[in-house]
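Pasting a structure below so you can have a look.
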Amino acid sequence: MLKLYNTLSRSKEDFIPIIPGKVSMYSCGPTVYNYQHIGNFRTFFFEDILYRVLRYNGYKVKYVMNITDVGHLVSDQDEGEDKMEKSAKLLGRSVWELAEFYTGVFYRDRDLLNILPPDVYTKATDYIKEQIEMVKCLDDKGFTYKTSDGIYFDTSLLKDYGKLARLDIEGLQEGARIEFSAEKKNITDFALWKFSPENEKRQMEWESPWGKGFPGWHIECSAMSKAVLGNHFDIHCGGIDHVPIHHTNEIAQSEACNGEKFVNYWLHGEFLDMGNEKMSKSSGKFVTLQTLIDRGYSPMDYRYFLLTAHYKKKQKFSFDALDSAKNGYNNLKSRILAMKISSDGIRDATAQQREDLKKSFIEKINDDLNMPEAMSVIWETVKDSSLNSAEKLELIYDFDKVTGLGLEKLEKDSDNAEVPDEIIKLAESRAEAKAKKDFKTADEIRVKVREMGYEISDSKDGFDIKKL
RNA sequence: GGUGUGGUACCCAAGUGGCUUAAGGGGAAAGUCUGCAAAACUUUUAUUCGACAGUUCGAAUCUGUCCCACACCUCCA
């Protein structure tokens with residue numbers, strides 16, 4: 001039985017889909033006005049694990065992710081400039097070009113991290129009509145009011161507003177530091193449709209029953225999930241930061257308009273803790289996947305790193321921690337490679353042991369996606385002395401459908417091809433010296449080669465050269 | 001001011017009442033192997049879970065108090 005932690009109930013629940021055997025799932029994707037940083041990818045990774053675990057459990061999953069290419073203001077509370085327009089202005093490009101560019105980078109990074117694409121990507125600008133219709137629906141039902149800058153949702157009309165975040169509305173007002181729009185009736189009210197500024201031509205704007213403008217950020221997820229998955233679906237996920245505002249508002253809009261429960265299970269991924277390194281995009285300073293690549297890490301090192309912590313807990317990022325993940329991943333890979341050489345067969349006699357390991361793995365992933373424990377089962381499998389290589393590999397390849405470390409496709413690095421002739425010659429002369437028992441010369445050559453960036457190591461049939 | 005989360009070995013990180021005399025990885029150390037190394041293999045590395053009280057037959061896990069760190073209530077995945 002798959003158990004998932006539901007933010008709505010603040011507890012781990014048995015997962016029971018609306019339609020047996022099928023799962024409908026929506027996750028809040030990237031806002032493509034800038035690069036995604038490694039913190040963003042922690043969330044996309046968590047969603048990938050969720051998707052994989054659902055599929056591993058045999059569910060037929062319809063997974064939708066949105067691409068926000070319009071309307072996400074600098075503040076979630078609908079203050080400030082549109083992030084897309086602001087960023088475009090800064091770079092002197094059109095917002096459309098910008099969105100396309102950053103979407104492309106997002107896809108590339110996603111693939112490098114072996115994150116599976118969803119079944120459907122929905123771009124906010126492709127669903128303007130649906131968003132307008134939803135605002136109209138709310139308007140018709142009397143949930144809206146108009147101010148000088150847009151159509152707003154009146155949150156005081158819902159008695160359970162804020163149930164997801166368990167908001168203490170009174171407390172919010174007391175501690176609020178935001179510039180409170182005087183025209184807003186309640187601090188928690190938010191824009192459904194924003195009017196284009198009169199003195200300014202926006203690059204992205206559309207006609208609507210309320211005049212030229214653009215949709216508020218929250219409405220896109222409500223409208224697009226409705227369009228693709230219907231009024232009521234199984235799982236909605238995203239980053240933990242979306243609980244108090246974005247997801248709270250999605251629930252308000254969707255339930256007010258549709259008149260039925262919106263989502264059964266809300267799952268939220270915790271943040272990556274960068275220590276002193278602030279990761280907010282607005283500060284302009286953040287670590288991207290490319291930063292890691294430039295520093296000599298493979299994107300998959302980062303994936304392995306993410307697998308070592310539970311998604312609901314803050315994970316401390318540091319280059320030391322990433323180093324240890326990289327080493328761990330390398331060790332795992334070399335063990336797998338060593339096993340691949342073997343020509344063992346699967347034995348009936350070990351069926352029980354293999355069954356036990358598999359059961360244990362499933363138990364871990366189904367316990368609210370406990371990947372650190374699942375990784376521990378993988379290591380147990382690797383080190384199990386009662387199983388032969390073929391048996392271990394069969395299990396590990398199966399487990400890797402969830403972990404996504406690319407272990408089945410793993411091939412021995414063709415490092416030797418890149419070793420310069422000069423180094424090979426030195427290695428050969430070292431072998432000669434060794435044969436003559438001239439160990440002093442042999443050691444000198446090894447040191448010299450090491451200084452040149454290569455490591456010579458002896459093997460049964462001669463030597464190996466590895467780039468350092 | 002309000003709200004919330006967390007403090008587990010040198011580092012990362014599971015575990016939330018007995019199966020754990022606390023997973024797993026990294027690191028470190030020792031041994032086997034080796035001319036010596038490297039790799040590989042084997043072994044070791046928290047009687048202890050921020051502190052102090054308490055509940056219990058039994059607690060890292062529950063309760064209370066305190067200390068510390070962080071996050072959110074602006075933006076952020």
Side-chain angles (χ1 to χ4, degrees), chain A residues 10 12 27-31 34 36-47 72-77 79-80 83 165-180 187-188 237-246 268-275 278-283 286 304-305 307-318 320-332 334-335 338 360 364 367 370-380 382-383 385 433-434 437-440 442-443 446-447 450 455-460 463-466:
Chain A
R10 295 289 197 282
K12 236 186 255 181
S27 76
C28 289
T31 302
N34 206 331
Q36 301 303 302
H37 54 59
I38 57 175
N40 298 118
F41 276 107
R42 182 178 185 206
T43 299
F44 301 135
F45 161 81
F46 138 66
E47 289 153 355
H72 195 166
L73 299 178
V74 169
S75 151
D76 276 359
Q77 290 285 15
E79 311 295 331
K83 286 179 177 175
R166 312 208 163 168
L167 288 183
D168 169 11
I169 312 243
E170 302 299 317
L172 279 182
Q173 282 176 339
E174 224 167 294
R177 277 180 287 158
I178 51 164
E179 261 181 70
F180 183 56
I187 187 148
T188 46
C237 40
I240 189 90
D241 56 309
H242 283 159
V243 174
I245 298 175
H246 182 53
H268 296 95
E270 250 297 351
F271 271 22
L272 187 67
D273 178 0
M274 294 298 287
K278 274 282 174 193
M279 287 285 282
S280 69
K281 286 189 190 167
S282 42
S283 76
F286 50 87
Y304 186 97
F305 168 80
L307 282 165
T308 64
H310 187 91
Y311 80 91
K312 254 169 46 56
K313 275 197 167 180
K314 287 186 195 77
Q315 181 174 18
K316 288 182 217 165
F317 178 86
S318 67
D320 279 349
L322 188 57
D323 280 337
S324 79
K326 178 183 179 161
N327 289 342
Y329 184 42
N330 282 151
N331 289 341
L332 180 62
S334 66
R335 279 174 183 262
S360 169
K364 304 306 184 191
D367 180 17
N370 195 332
M371 298 318 290
E373 292 272 16
M375 288 302 288
S376 151
V377 175
I378 288 185
W379 277 102
E380 244 178 77
V382 167
K383 295 188 168 178
S385 54
K434 250 186 66 176
K437 303 244 186 255
D438 181 2
F439 298 121
K440 191 164 170 274
D443 287 351
R446 187 165 56 198
V447 169
R450 190 177 298 137
E455 180 75 40
I456 300 176
S457 54
D458 296 332
S459 62
K460 282 189 205 87
F463 55 82
D464 281 328
I465 307 173
K466 224 172 65 185

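Excluded from the calculations below are hydrogen atoms, water molecules and symmetry mates; all remaining heavy atoms, backbone and side chain alike, are included. Within every chain, numbering begins at 1; the chains are lettered A, B, ... in the order of the sequence lines, protein sequences first and strands thereafter. Please read all numbers here as calculations on a predicted model, not as lab measurements.
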Inset, instruction - Round to the nearest Å and state the distance from A:His242 atom NE2 to B:rA71 atom P. - result: 18 Å
Legend entry - Shortest side-chain distance from A:Trp379, nucleotide among B:rC75, B:rG25, B:rG27: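 The answer is B:rG25, which lies nearest to the side chain.
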Inset, instruction - Could you pull out the closest heavy-atom pair between A:Thr31 and A:Gln36, with the gap in Å? - result: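 Scanning both residues, the minimum pair turns out to be O-NE2, 3.4 Å.
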Legend entry - Nucleotide-resolved protein contact map, nucleotides 32-46 of chain B, B/S/- at heavy-atom distance under 4.0 Å: ---BBBB--S-----
Legend entry - Heavy-atom protein contacts under 4.0 Å, nucleotides 7-16 of chain B, coded B base, S sugar-phosphate only, - none: -----SSSS-
Legend entry - Non-hydrogen side-chain atoms of A:Thr308 and A:Gln315 separated by less than 4.5 Å: yes
Legend entry - Polar side-chain atom of A:Arg446 near backbone of A:Ile456 as donor-acceptor pair, under 3.5 Å: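 Checking the backbone N and O of A:Ile456 against the side chain of A:Arg446, no donor-acceptor pair under 3.5 Å is found.
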Legend entry - Atom-pair distance (CD on A:Glu270; P on B:rC70), nearest Å: 15 Å
Legend entry - Distance between P atoms of B:rU43 and B:rA23 (Å, rounded): 15 Å
Legend entry - Residues forming a side-chain contact (heavy atoms from CB on, under 4.5 Å) with A:Asn327, sequence neighbours excluded: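 Here no residue qualifies.
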Legend entry - A:His310: ring-ring contact (aromatic ring centres under 6.0 Å, His included) partners, not counting sequence neighbours: none
Inset, instruction - Write down the atom of A:Lys316, the atom of A:Phe305, and the distance for their closest heavy-atom approach. - result: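 Distance-wise, the nearest heavy atoms are O-CZ, 3.5 Å.
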Inset, instruction - Write down the distance separating the C1' atoms in B:rG31 and B:rC68, rounded off to the nearest Å. - result: 42 Å
Legend entry - Atom pair distance, as rounded to whole Å: CD1 in A:Ile245 and C1' in B:rU3: 14 Å
Legend entry - Side-chain heavy-atom pair A:Glu270, A:Lys314 within 4.5 angstrom cut-off: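 In short, these two side chains touch, coming nearer than 4.5 Å.
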Inset, instruction - Give a yes or no answer on whether the side chain of A:Asn40 reaches the backbone of A:His37 with a donor-acceptor pair at less than 3.5 Å. - result: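 Yes.
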Legend entry - Separation of B:rA77 C1' from A:Lys312 NZ (nearest whole Å):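 Between C1' of B:rA77 and NZ of A:Lys312: 16 Å.
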Inset, instruction - With rounding to the nearest 0.5 Å, note down the distance linking CE in A:Met375 to OH in A:Tyr329. - result: 9.5 Å
Legend entry - Distance, P atom - from B:rA22 to B:rA9, rounded to whole angstrom: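 Going atom to atom, P in each nucleotide, I get 14 Å.
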Legend entry - Contact check, side chains of A:Tyr304 and A:Asn330, non-hydrogen atoms, under 4.5 Å: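 No; the side chains remain at least 4.5 Å from each other.
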Inset, instruction - Quick one: closest heavy-atom pair of A:Arg42 and A:Tyr311, and the distance? - result: NH2-CA, 3.7 Å
Inset, instruction - For A:Tyr304, answer base if it contacts any base atom (sugar-phosphate contacts may also be present), sugar-phosphate if it contacts only those atoms, and nothing otherwise; contact means non-hydrogen atoms under 4.0 Å. - result: sugar-phosphate
Inset, instruction - Provide, to the nearest angstrom, the distance between the CD1 atom belonging to A:Ile187 and the P atom belonging to B:rG2. - result: 17 Å
Legend entry - Separation between the P atoms of B:rC67 and B:rU21, rounded to whole Å: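 My reading of the P atoms in B:rC67 and B:rU21 gives 33 Å.
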Inset, instruction - Can you tell me, in whole Å, how much space there is between the C1' of B:rC52 and that of B:rG7? - result: 16 Å
Inset, instruction - For A:Phe41 and B:rA77, give me the distance from atom CZ to atom C1', rounded to whole Å. - result: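 It is 11 Å, rounded to the nearest whole Å.
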Legend entry - Nearest heavy-atom neighbours spanning A:Ala433 and A:Ala442: CB-N, 4.1 Å
Pairs under 3.5 angstrom, nitrogen or oxygen only, protein versus nucleotides 59-63 of chain B, please.
none

Legend entry - Heavy-atom closest contact (A:His268 atom, A:Lys312 atom, distance):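 In this case the closest contact between A:His268 and A:Lys312 is O-CG, 4.1 Å.
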Legend entry - Span that lies between the P atom of B:rA30 and that of B:rA38, in whole angstrom: 11 Å
Legend entry - C1' spacing across the pair B:rA51 / B:rA13, given as an integer number of angstrom: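 One C1' to the other, the span is 23 Å.
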Legend entry - Whole-Å gap separating P (B:rA69) and CZ (A:Phe271): 22 Å
Inset, instruction - Could you work out the separation of B:rU55 and B:rA59 based on their P atoms and round it to a whole Å? - result: 12 Å
Inset, instruction - Would you mind reading off the distance between A:Leu272 atom CG and B:rA71 atom C1', rounded to a whole angstrom? - result: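 These atoms are roughly 14 Å apart.
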Inset, instruction - Note every stem involving RNA chain B: at least three consecutive Watson-Crick or G-U wobble pairs, i with j then i+1 with j-1, with both distances under 3.5 Å. - result: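 Stems found: B:1-7 with B:67-73, B:10-12 with B:24-26, B:27-32 with B:40-45, B:50-54 with B:62-66.
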Inset, instruction - Considering non-hydrogen atoms only, spot the tightest contact between A:Ala309 and A:Pro372 and give its length. - result: C-CG, 3.4 Å
Inset, instruction - Flag the pair A:Lys364 and A:Asp367 as a salt bridge only when some basic side-chain nitrogen lies within less than 4.0 angstrom of an acidic carboxylate oxygen. - result: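 No salt bridge links A:Lys364 with A:Asp367.
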Legend entry - B:rG25 phosphate, OP1 or OP2, under 4.0 Å from A:Asn327 side-chain N/O: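 No, because none of the side-chain N or O atoms of A:Asn327 sits under 4.0 Å from OP1 or OP2 of B:rG25.
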